[in-house]
**Q** 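The structure follows.
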Amino acid sequence: MSLISLQNVSYRYSSTDDFLALNNISLTIEKGEWITLIGANGSGKSTLVKTLNGLNMPQEGTISVDGLAMNEENIWTIRQKVGMVFQNPDNQFVGSTVADDVAFGLENIGIPRDEMIDRINRSLEQVGMEDFKQAEPARLSGGQKQRVAIAGILALEPEIIILDEATSMLDPKGRAEVLETVKAVKEKSNLTVLSITHDINEAAHADRIFVLEKGQIKYIDVPEEIFKLGDELIDLGLTVPFVEQLKYQLMENGLDLPEEFMTEERLVEWLWKYDSKM
């Protein structure tokens with residue numbers, strides 16, 4: 001059984017609106033997958049992930065999360081399985097210290113104090129912020145703030161983490177910190193990750209990419225196949241990763257490069273080997 005399943009899901013924000021924010025979407029996501037949603041503004045990315053914890057209840061179709069149908073009876077159980085990390089970490093802080101902030105969600109669900117302390121310590125250690133327990137969140141860097149936000153979600157022990165443009169306000173260093181943190185936590189705990197991003201390079205971390213256009217799924221495939229779309233991505237208001245752009249330029253100049261997607265490190269390694277043969 002898939003961890004997440006959507007069958008013929010449609011959603012409109014107003015009953016008088018003809019525009020469907022989600023238009024007859026069907027998809028499945030397996031436990032432990034990293035799925036990235038990409039698409040132009042208004043394509044339905046945020047609307048889609050908000051249906052997964054009941055913030056949006058579809059007018060048509062069915063949704064199930066971990067075998068539970070999305071309905072009024074199950075919605076609170078489902079929400080405990082899904083944690084969301086948003087774009088601006090400053091908007092998520094409520095505690096005067098890092099530890100207080102991580103504790104907030106645990107207090108809301110009535111976790112006993114001894115277990116709460118254990119979860120706080122464990123989640124901060126998972127994101128590499130255990131030395132900042134008594135720090136004021138306002139004094140942290142952007143990447144550190146977002147790692148604390150992730151710790152607050154991990155402490156609640158969800159099965160699914162949704163990153164809603166969670167790195168878009170960070171500098172390259174902070175973005176790399178957060179992505180490496182999510183990758184390490186995912187591998188350790190077999191979490192399922194759904195990320196929304198405009199950064200096509202960030203999408204390379206995913207197991208599969210869902211490309212949305214006007215409320216519909218345009219493509220579903222592994223990153224290397226999606227990146228081969230080239231001009232089609234540009235027509236959808238997206239970009240091709242820099243390393244792919246460089247590879248295409250090199251191929252146009254006569255280099256016989258592998259067709260599969262290559263990271264920057266892989267491309268540099270290939271070029272060194274190519275140069276040594278000349």
**Q** Is there side-chain contact between P58 and I63, with at least one heavy-atom pair below 4.5 Å?
**A** yes
**Q** Are R175 and D171 close enough for a salt bridge, meaning some N to O gap below 4.0 Å?
**A** no
**Q** Work out which heavy atom in P158 is nearest to a heavy atom in K81; give both atom names and the distance.
**A** CB-O, 3.5 Å
**Q** Taking all non-hydrogen atoms of both residues into account, name the closest pair between D164 and S46 and its distance.
**A** OD1-OG, 3.5 Å
**Q** Output the distance between atom CG (N56) and atom OH (Y13), rounded to the nearest 0.5 Å.
**A** 4.5 Å
**Q** Starting at CH2 of W34, measure out to OG1 of T36 and round the result to the nearest 0.5 Å.
**A** 6.5 Å
**Q** State whether a side-chain donor-acceptor pair under 3.5 Å links Q59 with S10.
**A** no
**Q** Using side-chain hydrogen bond (donor to acceptor under 3.5 Å, both in side chains), reason through S5 and T28 one step at a time and then give a plain yes or no.
**A** CA-CA 4 Å; S5 176; T28 58; over 6 Å; no
**Q** Is any side-chain heavy atom of V211 closer than 4.5 Å to a side-chain heavy atom of I217?
**A** no
**Q** Within the structure provided, determine whether R122 and E157 are in side-chain contact (heavy-atom separation under 4.5 Å).
**A** yes
**Q** Counting only heavy atoms not in F104, do more than 12 sit closer than 6.0 Å to its CZ atom?
**A** no
**Q** Evaluate whether atom CD of E115 has more than 12 neighbouring non-hydrogen atoms of other residues, nucleotides or ligands under 6.0 angstrom away.
**A** yes
**Q** Can you tell me if E180 uses its side chain to pair, donor with acceptor, with the backbone of E177 under 3.5 Å?
**A** no
**Q** Step by step, would you call M70 with T62 a side-chain contact (heavy atoms from CB on, under 4.5 Å)?
**A** CA-CA 7 Å; M70 179 71 72; T62 61; over 6 Å; no
**Q** Taking F86 as the starting point, is it possible to reach L48 by hopping between hydrophobic residues whose side chains are less than 4.5 Å apart?
**A** yes
**Q** side-chain hydrogen bond (donor to acceptor under 3.5 Å, both in side chains), that's the test. Do Y219 and E232 meet it? Break it down for me.
**A** CA-CA 11 Å; Y219 300 106; E232 290 186 59; 2.2 Å; yes
**Q** If hydrophobic clusters are built from ILVMFWY residues whose side chains come within less than 4.5 Å, do I78 and I25 share one?
**A** yes
**Q** Might you point out which heavy atoms bring L37 and V49 nearest each other, and give the distance in Å?
**A** CD1-CG1, 3.5 Å
**Q** Test of understanding: clusters of I, L, V, M, F, W, Y form through side-chain heavy atoms closer than 4.5 Å, transitively. Do I226 and I196 belong to the same one?
**A** no
**Q** Around atom CG of D256, are there more than 12 heavy atoms of other residues, nucleotides or ligands at under 6.0 Å?
**A** no
**Q** Is I29 reachable from L68 through a run of I, L, V, M, F, W or Y residues, each pair having side-chain heavy atoms under 4.5 Å apart?
**A** yes
**Q** Honestly curious: do V185 and V82 fall in one hydrophobic cluster under the side-chain, below-4.5 Å linking rule?
**A** no
**Q** Applying side-chain contact (heavy atoms from CB on, under 4.5 Å) to V222 and I209, what does each step give before you reach the verdict?
**A** CA-CA 6 Å; V222 295; I209 295 175; over 6 Å; no
**Q** Nearest 0.5 angstrom please: S123 OG to L156 CG, how far?
**A** 9.0 Å
**Q** Report yes if some heavy atom in the side chain of S168 is under 4.5 Å from a heavy atom in the side chain of Q87; otherwise report no.
**A** yes
**Q** Do N121 and K133 get their side chains close enough for a donor-acceptor pair, meaning under 3.5 Å?
**A** yes
**Q** Just so I know, are the side chains of D221 and R208 near enough to count as touching, which here means a heavy-atom distance under 4.5 Å?
**A** no
**Q** On a heavy-atom basis, which atom in L212 and which in S43 lie closest, and how many Å separate them?
**A** O-CB, 3.5 Å
**Q** Do I111 and R119 have side chains that approach each other closer than 4.5 Å (heavy atoms only, starting at C-beta)?
**A** yes
**Q** Is it the case that the side chain of D100 and the backbone of G95 share a donor-acceptor pair, with hydrogens and angles ignored and the cut-off at 3.5 Å?
**A** no
**Q** Do V193 and I35 make a side-chain contact, defined as non-hydrogen atoms from C-beta onward lying under 4.5 Å apart?
**A** no
**Q** Could you tell me whether E225 and K228 have a side-chain N and a carboxylate O separated by less than 4.0 Å?
**A** yes
**Q** For the CZ atom of F210 and the CD1 atom of I220, what is their distance to the nearest 0.5 Å?
**A** 4.5 Å
**Q** Could you go through the side-chain contact (heavy atoms from CB on, under 4.5 Å) check for Q146 and V85 one step at a time?
**A** CA-CA 8 Å; Q146 206 61 296; V85 181; 3.5 Å; yes
**Q** So does D114 have more than 12 non-hydrogen atoms from other groups sitting under 6.0 Å from CG?
**A** no
**Q** Determine yes or no for a side-chain-to-main-chain donor-acceptor pair under 3.5 angstrom, with T167 supplying the side chain and L170 the backbone.
**A** no
**Q** State the OG1-CD distance between T97 and E136, to the nearest 0.5 angstrom.
**A** 9.0 Å
**Q** Quick check on side chain to side chain donor-acceptor pair (under 3.5 Å): which of E30, K31, E33 does S2 satisfy it with?
**A** E30
**Q** CD1 of I161 to CG of L194: how many Å apart, nearest 0.5 Å?
**A** 10.5 Å
**Q** Looking at K45 and E165, is there a salt bridge between them, counting it only when a charged N and a carboxylate O are closer than 4.0 Å?
**A** no
**Q** A21 and T47: which non-hydrogen atoms are nearest, and at how many Å?
**A** CB-CG2, 3.9 Å
**Q** Using a cut-off of 6.0 Å, state whether more than 12 heavy atoms not belonging to K214 lie near its atom NZ.
**A** no
**Q** Less than 4.5 Å apart, any side-chain heavy atom of L124 and any of F132?
**A** no
**Q** Name the residue from I4, V65, L3 that meets the side-chain contact (heavy atoms from CB on, under 4.5 Å) definition with E159.
**A** L3
**Q** Can you name the residues that form a salt bridge (Lys or Arg N to Asp or Glu O under 4.0 Å) with K145, not counting sequence neighbours?
**A** D90
**Q** Between L179 and E202, is a side-chain contact (heavy atoms from CB on, under 4.5 Å) present by the stated rule, with each step listed?
**A** CA-CA 8 Å; L179 291 175; E202 183 178 322; 3.6 Å; yes
**Q** Indicate the atoms forming the closest heavy-atom contact of A204 with P223, along with that distance.
**A** O-CG, 4.1 Å
